[in-house]
Structure formats: C-alpha cells, structure tokens
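Read the structure below first, then the notes.
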Amino acid sequence: MLIEVRWHGRGGQGVVTGSNLLARAMILEGKYAQHFPEFGPERAGAPVKSYTRISDQPIEIHCGIYEPDMVIVIDPVMSKNPQEYVYGLKKGGDIFLNHSGGDEEIVEWARSAGFKLHVLDARKISLEEINREIYNVPMLAAMLKVKKLCSLQTFEKVLAQRFSGKVLEMNLKLVKRASEEVETLVG
Amino acid sequence: MTQVERLAFMGDEAVAYAVKQCNVDVIAAYPITPQTIIVERLSEYVANGELDAAFIPVESEHSAISACVGASLAGARVYTSTCSQGLALMHEILHAASSMRAPIGMTIANRSLNAPLNIHCEHSDVMNARDTGWVHLFANNVQQAYDLTFISFKVAEDPRVLLPVSVNIDAFVLSHSVEPITPITDEDAAKYLPPREYEYPINPDRPITYGTMALPDTYMEFKMQFKEALDRVPEVFEEAVKEYEKISGRRYWYYDSYEIEDADALVIVLGSTYGTVKTAAKKLRAEGLKVGVMGLTMFRPLPEKELVKVLRNMKAVVVMDRAYSYGGLGGPLYTDIIGVLYRNGIRIPAKNIVYGLGGRDFKLDEAEAILRMAEKGVREGGFETHVDWWGVRR
C-alpha cells in the first residue's frame with residue numbers, strides 16, 4: 001500500500017502544517033509516512049504545495065509526487081477551479097475541496113473525469129465555530145473521515161502534541177464539525 | 001538493547017534531539033536556511049534546562065566555528081551546524097579546527113552556493129570543504145541523520161583521531177522532511193558517549209600552545225601527523241558503528257548498498273537520492289537486470305579499500321554528483337572513483353551524471369533511466385561521453 005497526497009493552498013494557510021500533521025498522525029497510527037514541503041518564495045498568499053506519502057512499508061524514495069492518489073485543495077478560491085490542481089491525479093483518485101458543493105459544473109466535471117469528489121465548506125464552519133478562517137485542520141479531518149486512514153482520536157492526539165490551550169480547543173471544534181459535514185458528491 | 005517506539009521527526013528536529021542526547025557542552029551556531037530549526041530547537045533545549053550546555057549566539061559562522069575550536073581544545077563536547085554561504089564563511093577556520101585536532105560535531109544541511117541565489121539542495125558547500133581534513137559523513141534519510149550524529153562524536157573525540165566530523169543532510173529533502181525514526185534511549189546515549197576526556201586541554205593554570213607557527217623545517221611533520229590521524233579514522237569508525245549497532249540494532253558501514261553482491265552495473269550516489277535509486281533498482285531487478293546501488297556514507301576519508309572490493313566485481317559504474325568541480329574532469333565523487341579505479345588496475349567504463357543542482361528534483365523514472373544507462377554501459381563495454389549534466393535544458 002502506497003498512498004501519495006498532494007496539498008494545494010496559499011502561503012499562510014497552513015498547507016505545509018496540514019501535510020506535516022497527516023504524516024505525524026499516520027506514524028502515530030503505526031504506519032510509515034513521509035511529509036515534505038515544496039518551498040518556493042515564502043510569501044503570504046503565494047500558491048504553496050506540500051506532499052505526504054503513506055505506506056505500510058518503510059518509504060525510501062526521496063522525490064516529489066507527480067501522480068498522486070489524492071489532491072487536497074484547502075484554499076476556497078483555488079477550490080473553485082479544481083481543474084487546475086488535479087494534474088497527474090490518478091484515475092479514480094480523490095479530490096477534497098474547501099467548497100460549499102453547490103456548483104453542478106464541478107460535480108459534472110469530476111464525474112466525467114473519473115475522479116471522486118469530496119467537499120467541505122471549511123471557510124464557513126471555521127467562521128461559525130471560531131470566527132477565524134482556518135482551513136488545514138478541518139480539510140485534513142474531512143479527508144481522514146472519508147478515507148478512514150486513521151481514527152479521529154489519533155488525529156486529535158497529534159493536534160494535542162502540536163497545540164495547547166485555546167488553540168487546541170478551537171482546532172478540536174473544527175475537527176468535529178468537519179467530520180460531520182464533509183460530503184462526498186462523486187463517489 | 002532497549003528501544004523506544006517509532007516517532008515522527010523532521011530532519012532538523014531529529015538532529016537537534018540527537019545533539020541533546022549526545023549531551024554536548026558548547027553550541028555555537030548562526031542560523032541559516034535550512035538548518036535554522038536545528039539551532040532553534042537547541043536554543044530551546046538549553047533555555048528549558050533540558051540540556052546543560054553553553055549556547056553561544058554568535059554574529060557569524062566564522063565566529064561560530066572559532067568559538068567551537070576554542071571550546072573543543074578546552075576539552076568540551078562541541079557542536080555547530082551550517083550550510084552553503086555559512087560553511088564558506090567558516091572556511092579558513094575549518095582548516096584550523098582539523099589541523100589543531102579539535103573534535104567538533106557539525107551538521108551541514110547541504111545547500112547550493114550563490115549566485116544565482118538559491119536555498120535548495122546541492123553538495124557544493126561540503127565539496128568546497130572536502131580538503132580541509134574533516135571527516136565527512138552523508139545521511140540518506142532522517143533516521144541516518146539522527147544516528148550519524150552519535151557516531152560522529154564517537155569518532156571525532158577518540159584519542160586516536162581528534163578531528164572534526166561533519167554529518168551531511170540534504171537541504172529540505174531531509175532537513176524539512178518528516179519521517180519516522182526510532183531513537184535510542186537517553187541511557188544508551190549516555191553509555192555510548194560518556195563525558196569527554198581530553199588529555200591536553202587548554203588551561204590557564206597549565207598553559208600550552210595550539211596553532212603555533214611552524215616554519216619550513218617542521219611544517220611538513222605537523223601535516224604528516226595530521227594525515228596519519230585521518231588514516232586512523234576507518235578503524236575507529238568500524239568500532240563506533242559496531243558499538244552503535246549494539247544499542248540501536250542498526251548497522252552502519254562505509255556505504256549503504258542494494259544488491260551489489262552479484263551486480264554487473266553499479267550506481268554510486270551521496271545522500272537522500274540513494275533511496276530513490278534503490279527503489280528504481282528493485283523494479284529493474286524484477287526484470288532481471290543485474291544492477292546494484294551504493295550510497296556512500298563516508299566520503300572523507302575516502303574508503304578506498306572498501307570501494308575496491310565492490311568495484312572489482314563490476315563491469316560498469318555510473319557515479320552521480322550533486323556538485324561539480326568547475327574546470328575539472330567532472331563531479332568530485334566521480335574524479336575520486338576514476339582515481340580509485342585507475343590506481344587499482346580496475347579497467348571498467350565509468351560515467352558521471354551531474355544532477356539535482358539547486359534542488360532540482362530527481363524523480364523515480366530518472367533514477368530508472370540512470371540504472372538502465374549503467375546496464376547499457378555493461379552491454380556495450382563503454383559510455384558515449386564521460387560526463388552528462390542530467391536534464392539540463394539548452
């Protein structure tokens with residue numbers, strides 16, 4: 001088993017942290033995983049990519065991911081044009097978008113392109129829950145819920161290693177909402 | 001052997017954690033991307049009281065390495081980390097450190113040199129420091145970055161050696177990758193590296209002189225002793241890795257290898273690319289191609305005898321360099337290998353691939369192409385050219 005994930009978003013949204021947390025959760029779960037960022041100019045707002053590899057065998061390869069099994073777009077504006085971010089995605093691969101899901105055109109496109117499509121309006125739930133726009137943790141929680149790669153308890157443990165106090169509390173709220181509200185539009 | 005569980009560590013974090021477990025006395029470092037996290041973590045360990053060390057926040061890398069030399073000669077266990085421009089700025093003191101026989105542990109997060117400005121992976125920084133008399137070790141993954149840190153101090157501080165040692169980790173590819181590692185326990189670390197004992201520490205009550213002037217009458221004798229200390233590194237290294245295997249269960253050697261026993265075609269690399277080439281080699285082995293891969297762990301002193309044992313059985317070799325010796329015959333590792341081949345009477349074709357400069361990614365299908373190239377070299381009894389710059393646009 002080898003699962004390769006590519007993350008898209010913008011500088012400042014926690015794309016790299018999302019990928020980092022995923023790898024840590026999988027390692028805590030007893031799997032092998034590797035996270036690595038693609039650092040370009042580190043400017044807030046600039047497009048950023050990050051990568052996660054997950055396997056039940058030790059991972060020895062050290063190069064980028066070009067044919068991912070999964071693409072996670074955490075920026076809500078980029079999520080409106082998923083066609084631009086799925087290059088290389090395997091047939092039958094999963095797309096996770098930070099999107100309300102009301103766009104029939106995207107659903108049609110995903111279906112005809114042979115991709116699975118999952119959406120979570122991370123922007124809306126984070127504004128409602130914590131009055132801030134946090135995308136990476138809810139998008140990751142949504143993915144874990146759908147793909148069942150690890151238990152949400154494991155994910156919460158990893159969050160507790162990274163955050164504490166009020167910040168941890170806010171993130172846990174987002175995890176709960178995200179896992180309840182993630183929707184699979186094309187399965 | 002007591003082991004703790006597999007934990008997630010970023011490369012830089014793993015190195016800092018190892019340095020803490022090595023119980024160093026003095027850290028003098030200046031932050032530079034992508035080694036920054038090492039220095040940040042160590043300063044936190046010292047500030048929290050988790051590590052009882054003097055942390056000297058210097059104003060430049062030149063001062064960092066200078067402080068390390070002084071502290072080392074006073075008998076302290078000493079650590080620093082840098083890369084790229086920072087290592088270049090240290091350069092004159094790198095010679096002083098080794099020639100004064102000051103053991104120092106240093107992590108180099110191998111990064112390209114200006115210009116053009118680029119912060120990504122390349123081995124030019126350490127290759128510029130190749131002839132400074134330091135021992136240079138290369139890590140292939142995060143676990144090795146962690147493990148080699150312990151081994152580096154064990155070798156450096158041995159009274160038969162007393163030389164500085166660098167552990168090289170690929171910029172970003174290892175420094176910023178999260179991978180699972182199995183650390184050793186603090187108890188095992190303490191047993192492996194007991195507090196340093198040094199016979200000739202600088203001490204105001206018993207003054208001695210280091211780095212004295214040596215005129216033409218004596219200079220070569222100093223340098224000969226220095227060379228002989230490097231010649232003793234292999235025996236000390238072999239003991240150090242054996243003892244480390246006892247506590248970690250992980251075996252280190254002058255190189256890592258895959259299927260070299262019956263291979264005809266060999267690809268030699270340094271650093272994190274080893275795993276990529278090995279993964280590609282597994283596929284080609286399944287097709288019946290007799291390819292082998294070597295990832296050199298010890299680059300200096302060059303383990304000539306061990307290389308000869310392997311190269312003798314090969315019919316062609318491709319050497320991959322993530323650096324170039326401008327105006328020379330090719331990459332630095334390649335020129336070493338063709339030297340080893342020639343003076344040991346091994347007449348096989350050797351080819352140099354210069355790749356991945358400035359962090360250009362080296363993909364799995366490219367690794368496969370290089371292995372096929374090596375295999376073609378066997379079949380055809382030679383290569384069309386000596387050196388290729390891999391994947392460069394014209």
Exercise for the section: Please assess A/N20 against B/M10 for the test side-chain contact (heavy atoms from CB on, under 4.5 Å), listing each intermediate value before the final yes or no. Expected result: CA-CA 9 Å; A/N20 185 329; B/M10 189 176 285; 3.6 Å; yes
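Side-chain contact check for B/E179 versus A/R53: every heavy-atom pair is 4.5 Å or farther apart. For the pair A/C63 and B/F362, the minimum side-chain heavy-atom distance is 4.5 Å or more.
Between A/H62 and B/S272, the shortest heavy-atom contact is ND1-O, 3.2 Å. Taking each heavy atom of A/A33 and B/P180 in turn, the nearest pair found is O-CD, 3.1 Å. The two atoms that bring B/A8 and A/R24 nearest to each other are O-NH1, 3.5 Å, heavy atoms only.
Heavy atoms of other residues, nucleotides or ligands lying less than 6.0 angstrom from NZ of A/K90 number more than 12. Remark: B/F150 CZ is packed, more than 12 non-hydrogen atoms of other residues, nucleotides or ligands lying under 6.0 Å away.
Side-chain atoms of B/D361 and A/Y66 include a donor-acceptor pair closer than 3.5 Å.
For chain A, the nearby part of B/K278 is the side chain; its heavy atoms alone come within less than 4.5 Å. The contact between B/T279 and chain A is made entirely by side chain atoms (from C-beta outward), counting heavy-atom distances below 4.5 Å. Contact of B/N140 with chain A is made through the backbone alone, with heavy-atom distances under 4.5 Å.
A donor-acceptor pair is defined here as one N or O able to donate and one able to accept, closer than 3.5 Å; no such pair exists between the side chain of B/R6 and the backbone of A/I27.
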